[in-house]
Amino acid sequence: MRVANRLFYLSIPPNIFIDGVKCASTSTSAANGWTRVIVEKPLGRDSESSAALTRSLKQYLDEDQIFRIDHYLGKELVEDLS
Ligand SMILES: NC(=O)C1=CN([C@@H]2O[C@H](COP(=O)(O)OP(=O)(O)OC[C@H]3O[C@@H](n4cnc5c(N)ncnc54)[C@H](OP(=O)(O)O)[C@@H]3O)[C@@H](O)[C@H]2O)C=CC1
Ligand SMILES: O=C1O[C@H](COP(=O)(O)O)[C@@H](O)[C@H](O)[C@H]1O
């Protein structure tokens, strides 16, 4: 079977991160290849809310599938793809 990796770039507000990650993981993950998800800051308001967000993300993904970035680091690259 052909390898088909999937990368999801979630430029969405934090209140819908988990729903987006859940869909990426449970409904649309790669059948034969890796599935990775990029999420943008803000990633919580403090260490406690950030840890809670990480726990929620890890219900659906392993740490090595999660990439945390600043919106402006990814924006130009993504715009260049479209
Ligand atoms: N200080 C910071 O760190 C800030 C970071 N950001 C980050 O920048 C990125 C873009 O922000 P911004 O342009 O303000 O984002 P928006 O709130 O305008 O929305 C971005 C995308 O999310 C979709 N979306 C929003 N709410 C819902 C929902 N309830 N259900 C389904 N889809 C939804 C929008 O869809 P649609 O186009 O249909 O509305 C749009 O495609 C985000 O990752 C955000 O977290 C943004 C502001 C400040
Ligand atoms: O991270 C951020 O992103 C938002 C959205 O930027 P946009 O250029 O894609 O509209 C921005 O409003 C905010 O200042 C910034 O911190």
Side-chain angles (χ1 to χ4, degrees):
M1 192 197 288
R2 192 167 151 260
V3 172
N5 300 321
R6 290 194 177 174
L7 173 64
F8 295 88
Y9 187 108
L10 303 184
S11 184
I12 56 177
N15 63 313
I16 56 169
F17 270 178
I18 304 305
D19 286 338
V21 165
K22 182 179 177 184
C23 286
S25 170
T26 61
S27 303
T28 54
S29 67
N32 189 33
W34 50 249
T35 298
R36 295 173 184 161
V37 174
I38 299 174
V39 290
E40 298 185 337
K41 77 168 183 66
L43 303 162
R45 297 171 310 284
D46 50 29
S47 63
E48 195 176 310
S49 56
S50 175
L53 178 64
T54 292
R55 282 195 297 277
S56 297
L57 292 173
K58 287 188 174 177
Q59 284 182 271
Y60 304 106
L61 298 169
D62 294 327
E63 182 59 44
D64 65 2
Q65 294 177 280
I66 305 168
F67 295 79
R68 300 166 178 82
I69 66 166
D70 178 88
H71 176 65
Y72 286 136
L73 282 180
K75 183 176 173 175
E76 197 174 321
L77 175 94
V78 171
E79 286 181 343
D80 285 348
L81 292 174
S82 57

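Only a predicted model underlies this, so the values are computations on that prediction, with no experimental measurement involved. Values reported hereafter were calculated over all heavy atoms of this structure, with side chains retained and with hydrogens, waters and symmetry mates removed. We're numbering straight along the sequence, starting at 1. Indexing begins at 1, ligand by ligand and atom by atom, following the structure's order.
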Would you say the side chain of [Y] lies within less than 4.5 Å of the side chain of [X], judging by non-hydrogen atoms?
| X | Y | answer |
| --- | --- | --- |
| S11 | H71 | yes |
| I12 | V39 | no |
| V21 | Q65 | no |
| F8 | T28 | yes |
| I18 | L57 | yes |

**Request:** Run the numbers for me: atoms of ligand 1, each under 4.0 Å from some heavy atom of E40, listed by number.
**Result:** 7 (C), 8 (O), 9 (C), 42 (C), 43 (O)

Just need the protein heavy atom nearest to [atom], so name the residue and atom and give the distance.
| atom | value |
| --- | --- |
| atom 16 (P) of ligand 1 | P13 CG, 4.3 Å |
| atom 6 (N) of ligand 1 | K41 O, 4.0 Å |
| atom 20 (C) of ligand 1 | S11 O, 3.4 Å |
| atom 24 (N) of ligand 1 | I16 CD1, 3.7 Å |
| atom 4 (C) of ligand 1 | P42 CD, 3.9 Å |

**Asked** Is the number of heavy atoms from other residues, nucleotides or ligands within 6.0 Å of CD (E63) greater than 12?
**Response** yes

**Message:** Other residues, nucleotides and ligands only: do more than 12 of their heavy atoms fall within 6.0 Å of CD on E48?
**Reply:** no

**Item:** side-chain contact (heavy atoms from CB on, under 4.5 Å) partner of R36, chosen from L61, D62, L7
**Value:** L7

Determine, counting only non-hydrogen atoms of the protein, whether one lies under 4.0 angstrom from [atom].
| atom | answer |
| --- | --- |
| atom 36 (P) of ligand 1 | no |
| atom 43 (O) of ligand 1 | yes |
| atom 40 (C) of ligand 1 | no |
| atom 13 (O) of ligand 1 | no |
| atom 48 (C) of ligand 1 | no |
| atom 26 (N) of ligand 1 | yes |
| atom 2 (C) of ligand 1 | yes |
| atom 8 (O) of ligand 1 | yes |

**Asked** Can you find an N or O of I12 that's nearer than 3.5 Å to an N or O of ligand 1?
**Response** yes

**Prompt:** So W34 and V3, side chain to side chain contact (heavy atoms under 4.5 Å, CB included) or not? Walk me through it.
**Reply:** CA-CA 9 Å; W34 50 249; V3 172; over 6 Å; no

**Request:** Could you name the protein residues that come within less than 4.0 Å of ligand 2, counting only heavy atoms, and order them by chain and residue number?
**Result:** H71, Y72, K75

**Request:** To the nearest 0.5 Å, tell me how far K75 NZ sits from L73 CG.
**Result:** 12.5 Å

**Prompt:** Looking at CD1 of I66 and OG1 of T54, how far apart are the two atoms once the value is rounded to the nearest 0.5 Å?
**Reply:** 6.5 Å

**Verify same cluster id: V78, V37 (apolar side-chain graph, 4.5 Å)** = no

**Message:** Tell me whether L43 shares a hydrophobic cluster with I69, the cluster being built from Ile, Leu, Val, Met, Phe, Trp, Tyr side chains joined at under 4.5 Å.
**Reply:** no

